[in-house]
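Here's the structure, in structure tokens; my notes come after.
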2 protein chains.
Amino acid sequence: MSPTTAQRTYSIRQAASLTGLPASTLRYYESIGVIGPIGRGETSSHRVYTEDDLDLLTSVACLSATGMSVDDMRTYVANGPLGAHAASEQLGLLVEQERRLTLEAEQIALRTTYVRIKIAYWQAVEAGDDARADDLASQARALADDLQKIKKT
Amino acid sequence: MSPTTAQRTYSIRQAASLTGLPASTLRYYESIGVIGPIGRGETSSHRVYTEDDLDLLTSVACLSATGMSVDDMRTYVANGPLGAHAASEQLGLLVEQERRLTLEAEQIALRTTYVRIKIAYWQAVEAGDDARADDLASQARALADDLQKIKKT
DNA sequence: ACGTTGACTTCGAGTGCTTGAAGTTTTCTA
DNA sequence: TAGAAAACTTCAAGCACTCGAAGTCAACGT
């Protein structure tokens with residue numbers, strides 16, 4: 001995958017825009033060892049990101065966005081280049097992450113339903129339709145009841 | 001329960017589920033005055049949220065999600081534009097929140113896919129199936145690109 | 001070459017939650 | 001109705017950024 005051609009490099013600003021992580025967070029992750037030390041320019045102290053750095057940071061950004069702790073990210077990144085030996089630990093991390101995402105998706109669906117009922121409620125209030133407003137208010141209450149029942153299971 | 005007269009009330013856990021704000025954050029917002037003191041049970045020290053409290057908190061959750069500082073939220077709420085009679089303002093906030101939730105759901109779906117590819121990748125590595133591992137690795141990179149493009153919007 | 005502009009550097013303090021400990025209250029189960 | 005289990009309480013400490021200050025470095029126009 002890497003012939004004789006030199007990899008192109010990126011400034012911290014470019015890296016930030018490509019990974020979606022703020023420059024301050026890039027420096028922070030490096031300072032606490034989530035990612036290894038980034039190379040500096042020949043003549044300057046400015047960070048120089050390679051495409052490999054960018055690939056790694058993109059993965060880290062994804063992990064971070066789903067709520068993985070910096071400790072777990074550090075472990076994940078440290079195990080990355082180790083190959084088959086670290087497979088089971090990586091798997092554990094990822095399966096846990098998948099579980100978290102599933103839960104999060106359920107919560108968001110619930111909140112979306114609630115917000116939609118509330119939108120309809122305020123539209124009814126604005127239209128002076130008190131009967132419909134009352135109905136929607138009771139729908140919101142019903143949703144709260146459902147939530148309680150689901151939680152018990 | 002008195003259906004027509006008394007408002008239904010909610011525990012902090014129910015309030016948390018319906019607003020999307022963790023219970024700890026609900027207590028935190030109250031402690032720093034973003035929201036006024038929440039009523040307590042007759043016989044206990046437990047917080048009891050009314051539907052009006054939930055409406056206010058839903059709006060506060062919208063403001064928080066847009067990145068408003070707690071100082072600004074405190075001012076905003078104190079100035080009263082979120083009172084019971086500000087239907088159109090409530091609506092604007094809620095519609096914006098619905099849009100955000102939809103976006104968030106999409107992001108979570110994408111990240112779930114990403115995590116599942118990574119799980120399959122490490123399973124392939126564990127099984128010694130290098131060809132499949134390579135294929136999955138490139139799938140993950142492709143998805144990371146998609147994730148990044150969506151983030152820019 | 002020189003100054004100005006703007007992105008970069010480190011470092012320490014601030015922000016907005018979040019979690020843990022330790023204790024009380026409510027609710028479930030027996 | 002007792003006694004365990006779950007949910008709540010406050011308070012303090014911790015976490016993951018995030019910002020501001022003060023200074024360095026690089027590029028550009030004159």
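Computed over heavy atoms, backbone and side chain alike; hydrogens, waters and symmetry mates excluded. Within every chain, numbering begins at 1; the chains are lettered A, B, ... in the order of the sequence lines, protein sequences first and strands thereafter. Keep in mind it's a predicted model, so treat the numbers as computed, not measured.
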Between [X] and [N], is there a side-chain N or O to OP1/OP2 distance below 4.0 Å?
X: B/Tyr29; N: C/dG16; result: no
X: A/Arg13; N: D/dA26; result: no
X: B/Ser64; N: C/dG16; result: no
X: A/Ser45; N: C/dT9; result: no
X: B/Tyr28; N: C/dT15; result: no
X: A/Arg40; N: C/dT10; result: yes
X: B/Arg47; N: D/dT9; result: yes

_A/Trp122/B/Val95 under side chain to side chain contact (heavy atoms under 4.5 Å, CB included): CA gap, chis, key distance, verdict_ = CA-CA 11 Å; A/Trp122 286 108; B/Val95 167; over 6 Å; no
Write down the distance between [atom1] ([X]) and [atom2] ([N]), rounded to a whole number of angstrom.
X: B/Asp71; N: C/dG14; atom1: CG; atom2: C1'; answer: 12 Å
X: A/Arg74; N: D/dC15; atom1: CZ; atom2: P; answer: 10 Å
X: B/Leu21; N: C/dT18; atom1: CG; atom2: C1'; answer: 13 Å
X: B/His46; N: C/dT24; atom1: NE2; atom2: C1'; answer: 7 Å
X: B/Arg27; N: C/dT18; atom1: CZ; atom2: C1'; answer: 11 Å
X: B/Leu63; N: C/dG16; atom1: CG; atom2: P; answer: 14 Å
X: B/Ile38; N: D/dT9; atom1: CD1; atom2: P; answer: 11 Å
X: A/Asp72; N: D/dC15; atom1: CG; atom2: P; answer: 13 Å

_Flag, side chain of B/Ser64 to backbone of B/Val60, donor-acceptor distance under 3.5 Å_ = no
What contact category does [X] fall into here, base, sugar-phosphate, or nothing, at under 4.0 angstrom with non-hydrogen atoms?
X: A/Thr25; result: sugar-phosphate
X: B/Ser31; result: nothing
X: A/Ile12; result: sugar-phosphate

*Strictly by modelled atom types, are A/Thr75 and A/Asp72 linked by a side-chain donor-acceptor pair under 3.5 Å?*
no
*Tell me, with the steps shown, if A/Ile38 and A/Val48 meet side chain to side chain contact (heavy atoms under 4.5 Å, CB included).*
CA-CA 7 Å; A/Ile38 297 297; A/Val48 174; 5.5 Å; no
*Under a 4.0 Å N-O cut-off, is there an ion pair linking B/Arg116 with A/Glu98?*
yes
